[in-house]
Amino acid sequence: MPVHRPGSPRPRRLFLAGALIAVCALVPITPASAAQSPDATATTSATAPTTPARGTARMGMGVVAHDGQDGLPTGTRAAQTEGVDVASYQGNVSWTTLWNSGVRWSYNKASEGTYYTNPYFSQQYTGSYGVGMIRGAYHFATPDTTSGATQANYFVDHGGGWSADGRTLPGTLDIEWNPYGDSCYGKTASGMVSWIRDFLNQYKARTGRNAVIYTSTSWWSQCTGNYAGFSANPLWIARYASTAGTLPAGWSTYTMWQYTSSGPTVGDHDKFNGALDRVQALAKG
């Protein structure tokens with residue numbers, strides 16, 4: 001009978017160890033960091049929804065995604081006056097080019113929430129005025145961050161005021177799809193109406209003017225329950241189509257209409273519902 005000395009491997013153990021080594025040799029070892037190929041990672045990143053950085057919101061940012069686009073206005077501009085709206089992503093704007101193309105009024109993003117001001121506001125706001133345009137400022141609302149009155153004060157304190165110079169339009173409340181989260185900013189319809197009223201009342205208390213309301217019919221219906229109580233405020237409707245379409249409850253007509261995000265020079269183009277003298281009348285108050 002063979003004698004197995006202490007410390008020497010038994011034949012069965014040697015066999016099992018050899019088998020395990022053979023199996024491991026057949027299976028490729030993949031580093032943990034390479035568990036997913038670069039291509040797969042890129043594909044996942046490309047398809048995953050992304051949330052834009054705070055401060056980058058702008059007029060009409062969600063219009064195409066929620067309402068689509070379908071043509072351009074028909075007819076001539078005889079009864080309407082061309083305008084544009086701009087934000088920081090357009091940088092320094094060529095106002096002379098726009099003026100020479102027939103643009104006569106502009107709105108420039110001044111602020112968002114209580115945490116952002118447009119770094120290009122001075123060039124945009126004073127530049128449009130410098131070439132002869134009637135200009136105004138707008139505030140992108142974030143009702144989930146601070147109260148309406150707080151944001152109205154922030155807006156007025158950062159370029160959103162009004163002056164009776166005949167060439168400054170009343171400030172605009174841009175209230176639309178939330179690019180950062182829940183479409184209605186986590187508010188009920190009644191809660192949203194209260195927030196908007198809070199903003200409008202404080203803006204009027206500070207400036208003496210009714211702020212313009214920029215919105216889309218679909219958002220207004222979903223997030224305010226199609227509230228009809230703000231008809232004293234001029235309506236700026238967003239709809240990228242051949243007509244302005246059905247308006248939110250309470251308004252029988254629009255004052256301004258954002259009709260495209262792909263117009264010449266700056267992309268966002270608008271029509272004022274009336275000739276230049278009506279734009280001047282709104283500025284004068």
Side-chain angles (χ1 to χ4, degrees), residues 48-68 85 87-89 107-118 137-160 170-206 210-240 246-251 254 256 258 261 268:
T50 57
T51 300
R54 286 276 178 178
T56 59
R58 61 185 187 275
M59 277 188 169
M61 195 169 185
V63 172
V64 173
H66 290 89
D67 297 334
D85 57 272
S88 62
Y89 81 102
Y107 266 92
N108 314 280
K109 181 179 178 181
S111 54
E112 177 180 322
T114 53
Y115 50 79
Y116 172 85
T117 56
N118 177 5
Y138 79 83
H139 174 81
F140 192 95
T142 56
D144 57 340
T145 59
T146 48
S147 72
T150 299
Q151 290 194 32
N153 284 328
Y154 188 82
F155 178 41
V156 173
D157 292 342
H158 294 88
T172 291
L173 170 64
D174 179 359
I175 185 77
E176 56 174 298
W177 306 104
N178 179 10
Y180 309 121
D182 177 73
S183 293
C184 301
Y185 300 87
K187 292 192 175 294
T188 63
S190 61
M192 183 61 74
V193 169
S194 295
W195 191 96
I196 294 171
R197 182 183 295 111
D198 195 34
F199 182 100
L200 299 177
N201 287 345
Q202 184 63 15
Y203 185 83
K204 188 169 185 178
R206 290 286 305 273
N210 285 318
V212 176
I213 295 176
Y214 169 96
T215 194
S216 67
T217 299
S218 59
W219 183 91
W220 192 263
S221 297
Q222 177 179 330
C223 297
T224 73
N226 209 19
Y227 181 72
F230 294 129
S231 58
N233 297 82
L235 172 66
W236 189 348
I237 193 68
R239 187 168 188 260
Y240 302 164
T246 302
L247 301 180
W251 287 283
Y254 64 86
M256 289 167 278
Q258 187 190 54
S261 60
D268 297 333

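For this chain, numbers begin at 1 and follow the sequence in order. Computed from a prediction, not measured in an experiment: that's the story for all the values here.
For Pro248 against Ile237, the heavy-atom pair with the smallest separation is CD-CD1, 3.7 Å. Closest heavy-atom contact between Ala141 and Trp195: CB-CH2, 3.6 Å. Annotation for Thr217 and Thr246: closest pair OG1-O, 2.6 Å, computed over non-hydrogen atoms. Of all heavy-atom pairs spanning Pro179 and Phe140, the tightest one is CD-CZ, 3.8 Å.
Partners of Asn153 under the side-chain hydrogen bond (donor to acceptor under 3.5 Å, both in side chains) rule, at least two apart in sequence or in another chain, are Gln202, Arg206. Considering only residues two or more places apart in sequence or on other chains, Tyr154 meets the ring pair (Phe, Tyr, Trp, His ring centres under 6.0 Å) condition with His158. With sequence neighbours left out, Phe155 forms a ring pair (Phe, Tyr, Trp, His ring centres under 6.0 Å) with His139, Tyr203. Annotation: side-chain hydrogen bond (donor to acceptor under 3.5 Å, both in side chains) contacts of Tyr116 (sequence neighbours excluded): Ser88. Scanning for side-chain contact (heavy atoms from CB on, under 4.5 Å) contacts around Val212 gives Tyr107, Pro170, Thr172, Pro234, Trp236, Met256, with sequence neighbours left out. Judged as a side-chain hydrogen bond (donor to acceptor under 3.5 Å, both in side chains), and not counting sequence neighbours, the contacts of Thr150 are Ser147. In this view, Thr188 and Ser190 satisfy the side-chain hydrogen bond (donor to acceptor under 3.5 Å, both in side chains) rule, not counting sequence neighbours. For Tyr227, the ring pair (Phe, Tyr, Trp, His ring centres under 6.0 Å) partners at least two apart in sequence or on another chain are Phe230. Every residue two or more places apart in sequence or in another chain that forms a side-chain contact (heavy atoms from CB on, under 4.5 Å) with Ala249 is listed here: Asn226, Ala228. Under the side-chain contact (heavy atoms from CB on, under 4.5 Å) criterion, Asn201 pairs with Arg197, not counting sequence neighbours. When the side-chain contact (heavy atoms from CB on, under 4.5 Å) test is applied to Thr145, the partners found at least two apart in sequence or on another chain are Arg54, Tyr115, Thr142, Gln151.
Under the 4.5 Å side-chain criterion, counting only non-hydrogen atoms from C-beta, Ser218 is in contact with Trp177. Taking the side chain as every heavy atom from C-beta outward, Ile196 and Met192 approach each other to under 4.5 Å. In this structure, Gln258 and Asp268 have side chains that are in contact, with non-hydrogen atoms separated by less than 4.5 Å.
One finds the CD atom of Glu176 at 7.0 Å from the OG atom of Ser216 (value rounded to the nearest 0.5 Å). How far CG of Asn210 is from CG of Asn233: 4.5 Å, rounded to the nearest 0.5 Å. Atom CD1 of residue Ile213 and atom CH2 of residue Trp220 lie 4.5 Å apart, to the nearest 0.5 angstrom. To the nearest 0.5 Å, the span separating OG on Ser111 from CG on Asn118 amounts to 9.5 Å. Considering CD1 of Ile175 and SG of Cys184, their distance stands at 9.5 Å, rounded to 0.5 Å.
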